[in-house]
Amino acid sequence: MWLGVRHTHKQALGIFSRELAPAGTGMAPGFTSLIGGRPSVSPVLRLFSFLYPKNKLPVSIHLNGELVKTLDYSGCGTGIASQLEDEREGEGCARGDCIYRLEQLAYLRSGDKGNSANIGVIARHPDFLPYIRRALTTDVIRNYFGHFLEDTSTIERYELPGIRALNFVIGDCLGGGGVASLRIDPQGKAYAQMLAEYELIGLPEFPSEHLQKN
């Protein structure tokens with residue numbers, strides 16, 4: 001059992017921490033130990049991310065205590081990047097009878113930003129990218145990670161054409177993220193490894209030298 005208690009008053013949590021030790025010594029059979037002893041009450045600090053318009057943040061450059069230049073972005077937009085929509089979904093993708101795990105066709109890495117996770121997928125060869133793009137839609141990602149997601153979870157897919165890669169941003173998927181989460185993987189480091197096992201079906205046979213080396 002993994003247990004966490006939250007309360008706005010430290011005194012209330014102190015009562016719980018004092019009661020935890022007797023429960024460990026005289027409650028359920030099979031109890032092993034209290035790792036670190038009786039837990040102490042501590043504040044939970046969590047990341048809160050937001051976007052703020054660049055045009056409301058003038059930048060002043062000072063050199064040796066003197067104002068050198070002020071940069072005014074009042075004529076600029078908000079600078080918020082929008083999701084890239086690829087109208088060539090599946091274009092040039094031949095069909096076949098082969099099945100490949102995603103890890104055979106791509107490098108993957110994942111991590112957290114607060115309560116959101118990023119999964120980067122980089123094609124091992126340029127020829128693989130159209131097949132990966134066709135297979136990994138936001139609906140596929142939502143279904144694949146459905147056992148982790150909340151009703152408020154969001155999924156966005158971005159393209160990084162310069163490095164033949166896709167980036168998936170999954171919001172509200174880490175149970176609060178960081179120290180605010182009771183998940184076994186509160187930083188989403190295992191998400192990429194899980195996605196690596198996803199199978200792409202109906203693909204042609206690719207040259208072995210371009211695939212993942214065993």
Side-chain angles (χ1 to χ4, degrees), residues 2 4 6 44-57 73 76-93 100-201 203 212:
W2 196 332
R6 298 171 185 163
V44 175
L45 304 177
R46 56 193 301 179
L47 174 70
F48 175 74
S49 300
F50 64 95
L51 295 171
Y52 192 80
K54 179 192 282 189
N55 55 22
K56 293 187 178 181
L57 293 173
Y73 296 102
C76 299
T78 61
I80 301 174
S82 61
Q83 181 175 358
L84 294 175
E85 296 181 0
D86 195 329
E87 298 179 354
R88 299 175 291 104
E89 195 85 23
E91 180 180 328
C93 293
Y100 294 101
R101 297 187 313 278
L102 182 58
E103 64 182 345
Q104 294 179 272
L105 307 179
Y107 305 96
L108 297 97
R109 181 67 187 264
S110 62
D112 68 312
K113 288 294 182 291
N115 195 27
S116 300
N118 284 268
I119 305 176
V121 182
I122 306 175
R124 294 178 181 271
H125 190 273
D127 292 346
F128 298 162
L129 182 58
Y131 297 92
I132 296 172
R133 182 192 295 123
R134 182 182 66 182
L136 297 185
T137 65
T138 54
D139 287 339
V140 166
I141 298 298
R142 180 175 294 279
N143 291 333
Y144 195 76
F145 289 100
H147 55 301
F148 284 124
L149 304 185
E150 307 288 344
D151 292 338
T152 56
S153 297
T154 58
I155 300 177
E156 296 177 284
R157 188 184 80 172
Y158 296 89
E159 294 213 26
L160 292 80
I163 58 172
R164 57 177 186 270
L166 302 175
N167 182 52
F168 293 91
V169 180
I170 309 177
D172 293 342
C173 66
L174 295 174
V179 296
S181 174
L182 293 180
R183 298 279 183 90
I184 294 176
D185 180 23
Q187 296 181 320
K189 298 300 183 183
Y191 278 38
Q193 191 58 44
M194 287 187 284
L195 187 60
E197 297 294 323
Y198 181 78
E199 292 186 337
L200 287 74
I201 64 175
L203 274 60
Q212 178 197 42

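In this chain, numbering begins with 1 at the start of the sequence shown. Please read all numbers here as calculations on a predicted model, not as lab measurements. The analysis underlying the following values was restricted to heavy atoms, covering all of them including side chains, and did not include hydrogens, waters or symmetry mates.
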State, to 0.1 Å, how close [X] and [Y] come at their nearest heavy-atom pair, and which atoms those are.
X	Y	result
R101	A196	CB-O, 3.8 Å
K56	Y52	CB-CE2, 3.6 Å
S110	G188	OG-O, 2.7 Å
A165	I122	CB-CG1, 3.8 Å
A135	Y198	O-OH, 4.2 Å
L136	R157	O-NH1, 3.1 Å

L174 versus P186: any side-chain heavy-atom pair under 4.5 Å? no
Do the side chains of M194 and I119 get nearer than 4.5 Å, heavy atoms only? no
Residues that E150 engages under salt bridge (charged side-chain N to carboxylate O under 4.0 Å, His left out), provided they are two or more places apart: R183
From [X] [atom1] over to [Y] [atom2], what is the distance, rounded to the nearest 0.5 angstrom?
X	Y	atom1	atom2	value
I155	D139	CD1	CG	8.0 Å
L166	R133	CG	CZ	7.0 Å
I141	L195	CD1	CG	4.5 Å
L102	R124	CG	CZ	9.0 Å
E156	I170	CD	CD1	11.0 Å
I132	D127	CD1	CG	11.0 Å

Starting from the C-alpha separation in whole Å, work towards a yes-or-no answer on side-chain contact (heavy atoms from CB on, under 4.5 Å) for L203 and R134. CA-CA 11 Å; L203 274 60; R134 182 182 66 182; 4.1 Å; yes
Could you list all the ring pair (Phe, Tyr, Trp, His ring centres under 6.0 Å) pairs where at least one residue sits in residues 169-194, not counting sequence neighbours? F145-Y191, F148-Y191
For Q104, the side chain to side chain donor-acceptor pair (under 3.5 Å) test, sequence neighbours excluded, returns none
Return each pair, listed once, that meets side chain to side chain donor-acceptor pair (under 3.5 Å) where at least one residue sits in residues 112-121; pairs must be two or more places apart or across chains. N115-D172, N118-N167
So with a 6.0 Å cut-off around CD1 of I201, is the heavy-atom count from everything else above 12? no
For L182, which residues count as a side-chain contact (heavy atoms from CB on, under 4.5 Å) partner, sequence neighbours excluded? W2
Pairwise salt bridge (Lys or Arg N to Asp or Glu O under 4.0 Å) hits with a residue in residues 185-200, at least two apart: none
Tell me, please, which residues at least two apart from F128 pass ring pair (Phe, Tyr, Trp, His ring centres under 6.0 Å). H125, F206
With Y107 via ring pair (Phe, Tyr, Trp, His ring centres under 6.0 Å) - residues at least two apart: none
